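Notes follow once the structure below has been shown.
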Amino acid sequence: MRRPKPPLFLARAPYRRRRLRDAARLLPVVGIFLLLLPLLWTQDSRMALRSGDVIYFFLVWVGLIGVAAAFAAGLRGGDGTDDEED
Amino acid sequence: MPFNLLVLSCLLYVAFLFAVAFVVERRAARGRLGWLRSPLVYTLSLSIYCTAWTFYGAVGYAARSGLEFLTIYFGPTLVFIGWWWLLRKLVRIGRQYHVTSIADLISSRYGKSNLLGVIVTLIAVIAATPYIALQLQSVVLSFGVFASAAPDGSRPLDPGQTAVWVAVGLAFFTILFGTRNLDAREQHHGIVTAIAVEAVVKLVALLAVGSFVVWGIAGGVADVIARIDAADLSAWQVEPGRWTGLIFLSAAAVITLPRMFQVMVVENEDEGHLARASWAFPLYLMAMSLFIVPIAVVGLERMPAGSNPDMFVLTLPLAEGQGALAMLVFLGGFSSATSMVIVESIALATMISNHVMIPLWLRLRPGAAAADDLRSVVLMARRLAIAVVLALGYGYYHVSGGSAALAAIGLIAFLGVAQVLPAMLGGIFWRGATRTGAFLGLVTGLVVWAYTSFLPSFGPGAALSQAIFADGLFGLSWLRPQALFGTQAMDPITHALFWSLALNVLAFCLGSLFTFPGPVERLQGAAFVNVFEGAVGPQRWARGQVDPEALLGMAQRILGEETALSFFQAAARAQGKEGFLPDPTPTFLDQLETRLSGSVGAATAHAMISQLVGRATVTVEDLMAVASESAQLLEYSAQLEAREAELTRTAGALREANEKLTQLSLQKDAFLSQISHELRTPMTSIRAFSEILTEGDLPPESVVRYGKIIHDEAKRLTRLLDDLLDLSVLENGSVQLNLGLASLQGMLDTALTAARQTRPDREFLVIRDLPSEAIYLKTDADRLTQVFINLISNARKYCDAARPELRIVVRQRAGRVTVDFIDNGKGIPKDSQTLIFEKFARLTDANRAGGAGLGLAICREIMTNLGGAVAYLPGQKGAAFRVTLPLRLERQAA
């Protein structure tokens with residue numbers, strides 16, 4: 001269905017809001033990367049569970065939660081209506 | 001710890017949960033939920049993801065396979081911090097289209113196909129049964145730990161008996177709070193709050209035992225780290241495939257598990273809550289798993305070899321003599337198990353009743369949609385389904401004997417429900433996904449999952465024979481259940497995950513690419529995929545010929561009388577019409593369908609409306625026409641559209657007013673001749689008899705007789721004039737009201753006694769509910785009684801049933817009182833319903849029993865003066881009038 005053409009350039013505040021959404025979309029991708037990273041360390045040589053691994057995973061976890069919490073406040077405002085999308 | 005004390009505290013805890021659910025339901029019924037609708041409760045209710053599997057099993061998992069248990073929480077964490085991708089859309093769709101379950105979502109997206117709903121329900125039930133058995137098993141195991149730790153060493157309860165009691169208790173709780181009413185949106189505030197409480201209990205319990213282990217047994221954080229390094233958890237070897245696969249699997253499960261869908265989408269009150277949960281729920285998961293590794297490591301160190309690591313959380317404090325802590329842990333585990341079972345069985349019961357039982361019932365009794373009270377049938381079906389689900393869970397527990405390690409069953413169940421994922425994601429992101437594609441994908445996934453994972457889980461020689469395991473199906477070696485197409489390198493769960501989802505997606509995509517969707521399917525596809533772009537242009541219903549009264553009748557049977565009436569009234573008002581019956585426009589049919597689907601699911605709602613409307617769903621041609629029309633429409637500004645809607649409304653109102661005026665003008669002519677006749681008849685006899693009297697020389701008895709006739713006729717004339725005068729005073733609003741407190745019951749008693757004079761020969765059965773009438777009103781009692789007398793006399797006069805009955809129903813809501821007078825006659829024809837309140841309107845002359853047709857007009861004016869209204873109530877199988885008035889009428893400053 002044809003929709004009215006969105007404006008090509010945006011003011012500062014909406015521009016920031018959009019980038020925040022992009023960041024929110026990127027967050028899980030970063031998360032996947034960080035959670036799969038240890039696969040590259042713990043191949044053959046190290047078999048046993050090390051405390052370092054535990055601490056690494058929990059640090060990543062806390063980091064992701066913290067960033068998501070910081071994003072959530074900004075994302076809640078816009079309700080994602082037509083002109084706000086992308 | 002004495003075993004009896006354990007049972008007692010368990011019962012007390014359950015009673016506490018009952019109380020919580022009960023109080024919240026009461027508050028919800030009064031519309032005062034307040035902080036109970038906060039994001040906190042929403043987040044906590046999501047914690048049913050952490051079942052007894054997490055609570056007890058995670059430590060066992062960590063003891064057996066190191067950090068792998070974390071994958072089960074990483075998946076949901078990624079899904080939630082990435083809520084902007086998927087969850088936001090899912091919740092929006094769920095709210096906008098009143099989705100009641102995951103089966104409803106799939107069936108609704110693919111053209112309201114009930115077949116897909118049935119398949120998803122089937123998958124969910126098969127996958128959930130072992131999972132529910134797992135919860136029962138964990139409760140029984142934890143009871144067993146206490147029993148064996150009891151001083152006398154005796155076993156007060158045998159495991160089978162415990163499981164039965166737990167299952168029956170859960171069924172009772174779930175039926176009590178899960179099927180109390182048929183909500184428009186299928187929400188259960190009481191249960192959600194009880195689950196939030198349980199979430200707190202299990203978190204506190206796990207944190208408490210974790211702190212005890214770290215600071216009580218071990219010597220603080222540094223010591224624990226040293227012990228982890230020293231511990232021999234050598235079994236842990238990360239396999240990249242399994243690690244990635246399990247993260248993916250848990251991410252898929254958190255979206256597709258029926259119970260998660262229930263709390264995440266169906267019970268969602270506000271989309272803003274999701275933003276908060278996006279980080280708070282991962283935080284909860286992290287807190288839950290924070291102490292898992294320390295408990296596992298210390299447990300392996302301290303507990304005797306061969307003890308079950310799944311029970312370390314409980315046995316560790318017991319072994320250290322911490323009875324109270326063990327008690328708390330026990331309640332935490334009990335919470336995790338019960339909350340999961342309750343929500344899962346509600347979600348499954350909704351699916352089973354909406355997609356299996358009700359359609360079957362409607363199929364078996366084709367006329368039922370218009371004949372019976374469907375609400376009680378739906379509720380009964382739900383209750384039955386809950387009992388069936390729990391019985392299945394118990395049956396599985398009983399048969400399997402509850403031996404396998406907890407984690408294995410959990411992962412198999414995850415994989416089962418994950419088969420819904422392709423159809424679901426495809427459905428909300430890809431408009432090209434079709435019903436055939438979804439059907440093929442689901443069936444393929446179900447079959448492959450059953451063959452590679454579910455059936456082998458019973459062990460070689462149980463469900464699948466030894467030969468099949470070794471040589472494959474039909475002796476084809478590339479069909480071995482755990483090495484399809486020769487892929488032997490993967491472990492069983494990764495293998496099953498890989499093949500079931502790969503073939504599922506393949507079948508789904510190919511099926512979608514090569515088939516052509518039907519019109520309803522395309523509409524639903526567009527509506528779901530573009531849910532953020534506002535309402536979808538085309539309507540789902542063409543303008544059909546349907547009697548709104550029949551629609552109202554059907555809606556009443558599903559939504560309940562009051563809700564349906566107010567819904568219809570609101571719709572009628574939006575169309576600019578008075579009364580309870582809107583025109584059956586496509587928009588209205590659409591709204592009605594959405595509303596009904598909140599109670600019985602989209603497929604059933606659609607089927608029921610089509611039963612009444614007939615073949616009125618759209619065709620592809622309609623679609624194209626509407627699409628090009630709406631493309632043109634979009635070029636107009638929004639203002640123009642709003643104005644157009646306004647104009648349509650005004651035009652509707654005008655048309656209605658015009659019709660009414662035309663009919664009134666006819667009525668007026670009729671009245672003029674009527675009133676002249678009414679005035680003339682007594683006048684004629686007065687004149688004639690007074691002439692006779694003036695002539696004189698009559699016997700005295702004749703004088704008396706003629707005088708009496710003159711007197712009677714004059715009285716009739718006065719009464720008529722009084723009525724007219726009364727009416728004009730009321731219409732001017734200059735009437736003096738005599739306000740005071742009066743009992744509604746008293747007024748009805750008076751009115752019934754007074755109305756008995758009308759046709760005293762008829763036996764009339766009056767049905768009342770005295771307790772509901774015990775209301776004191778501040779109003780003008782005499783005037784109100786006059787209205788009641790009039791309505792009751794009318795019923796006595798005009799009700800044409802052989803055994804006439806009059807039902808008086810009193811309801812009180814939000815400061816207003818409604819009194820319904822419903823008789824069992826044949827009612828008033830639809831085209832006359834708007835006229836009866838007009839002056840001098842009288843429908844038939846068959847029952848002329850005096851009066852000039854002013855009664856209802858006077859009633860209406862009185863009610864207007866009393867700040868209320870009187871209206872005809874359609875759809876009650878008889879003539880029915882509703883009197884609405886305020887509980888306390890304040891004197892206006894006039």
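Every chain is numbered from 1 and lettered A, B, ... according to where its sequence line falls, protein lines coming before strand lines. Since the structure is predicted, the reported quantities are computational estimates derived from the model, not experimental observations.
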So for I55(A), is it side chain, backbone, both, or neither that comes closer than 4.5 Å to the heavy atoms of chain B? side chain
Side-chain heavy-atom pair I81(B), I65(A) within 4.5 angstrom cut-off: no
CA sep, side-chain torsions, deciding dist, call: I32(A), L78(B), side-chain contact (heavy atoms from CB on, under 4.5 Å): CA-CA 7 Å; I32(A) 294 172; L78(B) 290 173; 3.6 Å; yes
Under 6.0 Å from the CZ atom of R242(B), do we count more than 12 heavy atoms belonging to anything else shown? yes
Would you find more than 12 non-hydrogen atoms of other residues, nucleotides or ligands less than 6.0 Å from Y15(A) atom OH? no
I'd like to know if the side chain of W85(B) reaches the main chain of R25(A), judged simply by a donor and an acceptor atom lying under 3.5 Å from each other, with no hydrogens or angles considered. yes
Does any non-hydrogen side-chain atom of I247(B) lie less than 4.5 Å from one of L36(A)? yes
Find the one option among A70(A), A69(A), G31(A) whose heavy-atom pairs under 4.5 Å with chain B are most numerous. A69(A)
Is there a side-chain contact between F57(A) and F74(B) in this structure, where contact means two heavy atoms from C-beta onward sitting under 4.5 Å apart? yes
side-chain contact (heavy atoms from CB on, under 4.5 Å) between L75(A) and W83(B): does it pass, once the steps are laid out? CA-CA 11 Å; L75(A) 290 172; W83(B) 65 291; 3.7 Å; yes
For Y73(B), is it the side chain, the backbone, both, or neither that has a heavy atom closer than 4.5 Å to a heavy atom of chain A? both
Go through the atoms of L285(B) and report whether side chain, backbone, both or neither lie under 4.5 Å from a heavy atom of chain A. both
Check the pair W279(B), L64(A) against side-chain contact (heavy atoms from CB on, under 4.5 Å), reporting the backbone distance first and the verdict last. CA-CA 8 Å; W279(B) 58 269; L64(A) 289 175; over 6 Å; no
Chain B contact via V62(A) - which portion, at a heavy-atom distance below 4.5 Å: both
Rounded to the nearest 0.5 Å, what separation is found between the CZ atom of F58(A) and the CG atom of L67(B)? 8.0 Å
Backbone N/O of L35(A) and side chain of W243(B): donor-acceptor pair under 3.5 Å: yes
Heavy-atom pair count under 4.5 Å with chain A, highest-scoring of S289(B), A251(B), A280(B), G82(B): S289(B)
